[in-house]
Asks: 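The structure that follows is given in the form of structure tokens.
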Amino acid sequence: MNIVRVALDLPLPRLFDYLAPDAVESDVGRRVTVPFGKGLRTGVIVDLATASEQPDAKLKEVAAILRDMPALPAEWLALCDFCARYYQTPLGEVTSFALPPMLRRGKLPRIKKPAAKIAVSPAPTFNAVHQPPLPRLMPAQQAAVSAIFDTAGFHVMLLHGVTGSGKTEVYLRAIDAVLARGGQALMLVPEIALTPQLEGRVAARFPAAHIVCANSGMADAARARGFLEAHAGRAEIVLGTRLAVFMPMPRLQLIIVDEEHDASFKQQEGLRYSARDVAIWRAHQSNIPIVLGSATPSLETFHHASTGRYTMLELPERAVAEAMPAVRIIDTRREKLQEGLSAALLAGLQSRLDRGEQSLVFLNRRGYAPVLACPPCGWISRCRRCAANLVLHLADKRLRCHHCGFEARVPRACPDCGNVDLLPFGRGTQRLEAMLVERFPQAHVLRIDRDSASTPKKWQALLATIHAGEADILVGTQMLAKGHDFPLLTLVGAVGADAALFAADFRAPERLFAQLMQVGGRSGRADLPGEVLIQTEYPDHPLYQALIDHDYVRFAQSQLGERRIAGFPPFSFQAMLRAEARSMEQALAFLATARKAAEAIADGVTLYDPVPMRLQRLMTLERGQLLVESLSRPALQSFLTAWMEQLYALKMPGGLRWHLDVDPLEF
Ligand code: ADP
Ligand code: ZN
Ligand code: ZN
């Protein structure tokens with residue numbers, strides 16, 4: 001009896017068996033259409049069998065095995081299988097996610113006539129086509145490039161260097177070496193917005209190479225085509241965001257993860273994977289080197305590099321001779337601020353205006369004000385669906401929930417008492433923008449946040465304005481912090497940063513340090529010295545003191561010291577069970593049952609108490625969480641596997657949903 005075992009995109013941790021009289025060994029890794037319920041579904045064949053393990057022997061027959069593209073390789077299936085086991089997600093959900101939507105639906109893109117160069121065998125002489133002469137590598141860069149290839153096989157390297165220290169140049173040299181040997185290289189970046197810029201740089205360096213991009217913003221057909229090109233080995237370089245880690249690449253020889261610390265490598269829904277961690281597993285599987293690059297590595301990565309598990313590669317200087325920006329702390333405890341800005345920052349902005357240079361005021365909060373309030377009666381703008389305030393957006397006169405997207409008109413009077421003098425409390429980018437426009441009427445003030453740069457097109461237009469030197473003062477969120485060159489920018493002011501110092505999330509200081517380093521790194525390129533002014537009520541805080549000295553290592557070591565004492569990652573391993581239900585009682589009761597079930601099997605694993613999540617209600621659902629933690633990764637993993645079996649078997653009240661998040665980043 002010929003049986004195929006199929007991974008289907010269903011929330012059930014099992015495979016599905018079907019009869020397939022004509023199935024052959026080489027069909028493993030092919031997509032297949034099967035009858036399921038009343039309709040048809042497309043899945044992936046992961047195995048052949050002669051007998052079914054499923055109790056009901058009434059197996060149905062497959063509708064069709066799709067033999068229109070080469071089968072996915074065993075390595076790809078193994079990668080999906082690893083994710084399924086590690087992230088406790090059904091294999092069918094993983095394979096489905098790892099395929100581009102079009103292939104997932106059982107379709108194929110129309111194949112464009114292949115360009116002539118695609119037919120050419122790989123390993124042409126790439127060096128011959130470089131037009132501008134390559135910069136001479138600095139010794140540290142040279143050492144880094146050598147280290148990547150000195151050791152054969154799998155090894156992880158941390159390339160640590162500030163913005164402008166020449167990390168990208170190191171990546172390009174390493175890719176060059178890979179191409180020269182006929183290999184494929186995979187490069188992951190955190191943001192879709194960064195791919196066009198990087199693609200340009202990579203394409204300019206390797207004009208003869210076939211480069212494929214992969215990100216969720218691409219049109220269906222283009223994404224599917226890229227996937228097939230990589231799979232066929234025709235694409236030599238794959239550039240993409242986190243989902244690119246699933247691109248099949250038969251001759252993969254190098255993986256690069258740029259800005260490896262960036263939280264966007266971790267997916268926050270569905271398959272909650274970390275692309276960086278999956279990339280490391282993949283490098284191990286393929287027995288190839290992997291380079292993690294960052295100016296502010298995640299503390300997990302830095303810890304591994306300091307303890308010798310990873311190789312530390314330092315790029316200690318900026319490549320183009322220029323100093324790091326001077327970082328100054330502005331103590332705002334005794335100063336009366338003008339709309340949140342200190343005299344020193346205002347003076348700094350004025351002097352840049354006088355000199356025709358650009359400034360940036362960094363405030364990581366969009367909107368006009370975080371809340372609208374009626375002081376006499378105490379009314380405040382709350383979201384009906386979430387336990388959160390509605391943010392005032394004066395630019396289009398709306399109140400908006402930043403969690404669920406709910407919006408409403410700004411009320412003319414208080415809905416509770418009729419008072420017409422409603423007051424905005426706190427400050428967002430729009431308010432800062434309005435203040436700056438009033439204060440510096442001669443300046444062109446440009447706001448850059450997710451509202452003003454809501455589409456890639458708008459974002460590109462904003463970048464063009466900045467590059468053309470047409471903007472004098474930029475007001476922006478962390479959107480501006482990442483990977484862009486602003487040659488005229490010489491002043492960065494950071495306001496409202498203190499909140500992250502005392503946040504409930506133990507990773508908040510790590511993120512704040514990275515953001516401030518990054519945003520500061522935007523200033524002072526192209527021969528103009530940069531200056532960073534940080535307004536704070538905690539001028540002596542070690543985080544700011546380390547920033548003054550650009551001393552990531554000191555900051556990292558002090559944070560790691562605190563984490564060691566508290567038993568937080570990387571000194572422990574965590575998973576979070578989250579539940580959402582119509583009432584908090586229900587959510588917590590489910591978590592309590594789950595905890596009870598865990599007690600008998602929690603060997604070497606600490607179970608915490610179920611608690612409401614920080615954002616207690618989202619989209620009308622009440623949310624609770626239960627943290628589990630262990631000093632041993634294997635202990636946690638085997639516990640989770642056993643626990644999941646029990647959780648799947650639990651009877652659940654209607655409307656309750658739960659998921660497990662392994663290595664959670666958000667608390
Ligand atoms: P990072 O990726 O660390 O921000 P880049 O690799 O982009 O740094 O380098 C910053 C700038 O310095 C780029 O314009 C790059 O072309 C240039 N550069 C890099 N390495 C060298 C070098 N060895 N000599 C001269 N210029 C260099
Ligand atoms: Zn909401
Ligand atoms: Zn009122």
Side-chain angles (χ1 to χ4, degrees), residues 130 132-145 158-176 187 189-190 194 197-198 200-202 204-205 256-260 291-297 313-322 324 371-391 398-408 411-423 481-487 517-518 520-527 552 615-623:
H130 291 148
L134 297 182
R136 253 180 87 94
L137 289 185
M138 299 179 292
Q141 284 176 308
Q142 186 58 60
V145 175
L158 166 59
L159 186 61
H160 177 219
V162 296
T163 308
S165 61
K167 295 186 295 296
T168 309
E169 188 59 41
V170 170
Y171 305 150
L172 293 174
R173 298 298 173 104
I175 292 173
D176 196 11
M187 181 162 176
V189 293
L194 295 179
Q197 179 186 314
L198 185 68
R201 194 163 164 192
V202 174
R205 179 64 67 90
I256 294 159
V257 184
D258 192 29
E259 309 286 1
E260 68 83 30
V291 184
L292 310 178
S294 178
T296 50
L313 305 172
E314 295 270 2
L315 298 183
E317 331 160 44
R318 282 181 146 182
V320 180
E322 68 206 14
M324 293 289 290
V371 68
L372 185 65
C374 172
C377 86
W379 174 87
I380 57 171
S381 55
R382 300 279 293 169
C383 179
R384 269 184 241 150
R385 306 194 290 205
C386 308
N389 293 335
L390 291 176
V391 176
R398 310 288 282 178
L399 291 172
R400 260 195 203 107
C401 175
H402 285 189
H403 300 283
C404 75
F406 173 85
E407 27 180 311
R412 228 161 286 163
C414 172
D416 283 358
C417 75
N419 166 31
V420 291
D421 292 322
L422 298 178
L423 280 185
K482 288 183 193 172
H484 301 280
D485 258 342
F486 302 133
M517 273 290 272
Q518 231 161 11
R522 298 299 126 224
S523 76
R525 303 187 78 158
D527 307 335
Y552 164 81
L615 181 64
Q616 283 195 20
R617 184 171 5 97
L618 178 67
M619 297 282 270
T620 72
L621 289 174
E622 304 285 338
R623 316 186 312 154

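Quick caveat, the model's predicted, so the values are computed rather than measured. Whatever order the structure lists ligands and atoms in, that order sets their numbers, starting from 1.
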Asks: Under 4.0 Å, heavy atoms only, figure out whether ligand 1 is touched by the backbone of L315, its side chain, both or neither.
Replies: neither

Asks: Can you tell which of E169, Q141, R201 gets a heavy atom nearest to atom 13 (C) of ligand 1?
Replies: R201

Asks: Among L159, I256, L137, L313, which residue satisfies the side-chain contact (heavy atoms from CB on, under 4.5 Å) criterion with V170?
Replies: L159

Asks: Which atoms of ligand 1 have any heavy atom of T163 under 4.0 Å away?
Replies: 4 (O)

Asks: Which of the atoms in ligand 1, numbered in the order shown and given with their element, are less than 4.0 Å from a heavy-atom of V162?
Replies: 3 (O)

Asks: How about H403 and R617: do any of their side-chain heavy atoms sit closer than 4.5 Å?
Replies: no

Asks: With heavy-atom distances below 4.5 Å as the criterion, would you say the side chains of C417 and W379 are in contact?
Replies: no

Asks: Picking from V420, L422, D416, what satisfies side-chain contact (heavy atoms from CB on, under 4.5 Å) with C374?
Replies: L422

Asks: Would the distance check show the side chain of Q141 and the main-chain N or O of G166 forming a donor-acceptor pair, the cut-off being under 3.5 Å?
Replies: yes

Asks: Is there a donor-acceptor pair under 3.5 Å between the side chain of H160 and the backbone N or O of L315?
Replies: no

Asks: Counting neighbours of CZ on R384 that are heavy atoms of other residues, nucleotides or ligands and sit closer than 6.0 Å, is the number greater than 12?
Replies: no

Asks: Could you tell me, atom by atom, which parts of ligand 1 come under 4.0 Å of a heavy atom of A319?
Replies: 12 (O), 18 (N), 19 (C), 20 (N), 21 (C), 27 (C)

Asks: Under 4.0 angstrom from ligand 1, any heavy atom of G161?
Replies: no

Asks: Quick check: do T620 and C404 have side-chain heavy atoms less than 4.5 Å from each other?
Replies: no

Asks: With the Zn ion (ligand 3) at the centre, find the angle made by SG from C417 and SG from C377, to 10°.
Replies: 110°

Asks: If the cut-off is 4.0 Å to any non-hydrogen atom of R136, which atoms of ligand 1 fall inside it?
Replies: 22 (C), 23 (N), 24 (N)

Asks: At the Zn ion (ligand 2), what angle lies between atom SG of C383 and atom SG of C401, rounded to 10 degrees?
Replies: 110°

Asks: Considering the heavy atoms of M138, write down every atom of ligand 1 situated less than 4.0 Å from one of them.
Replies: 23 (N)

Asks: Suppose we only count N/O/S atoms under 2.8 Å; would C404 qualify as near the Zn ion (ligand 2)?
Replies: yes

Asks: Would you say P135 and ligand 1 have an N/O pair spaced under 3.5 Å apart?
Replies: no

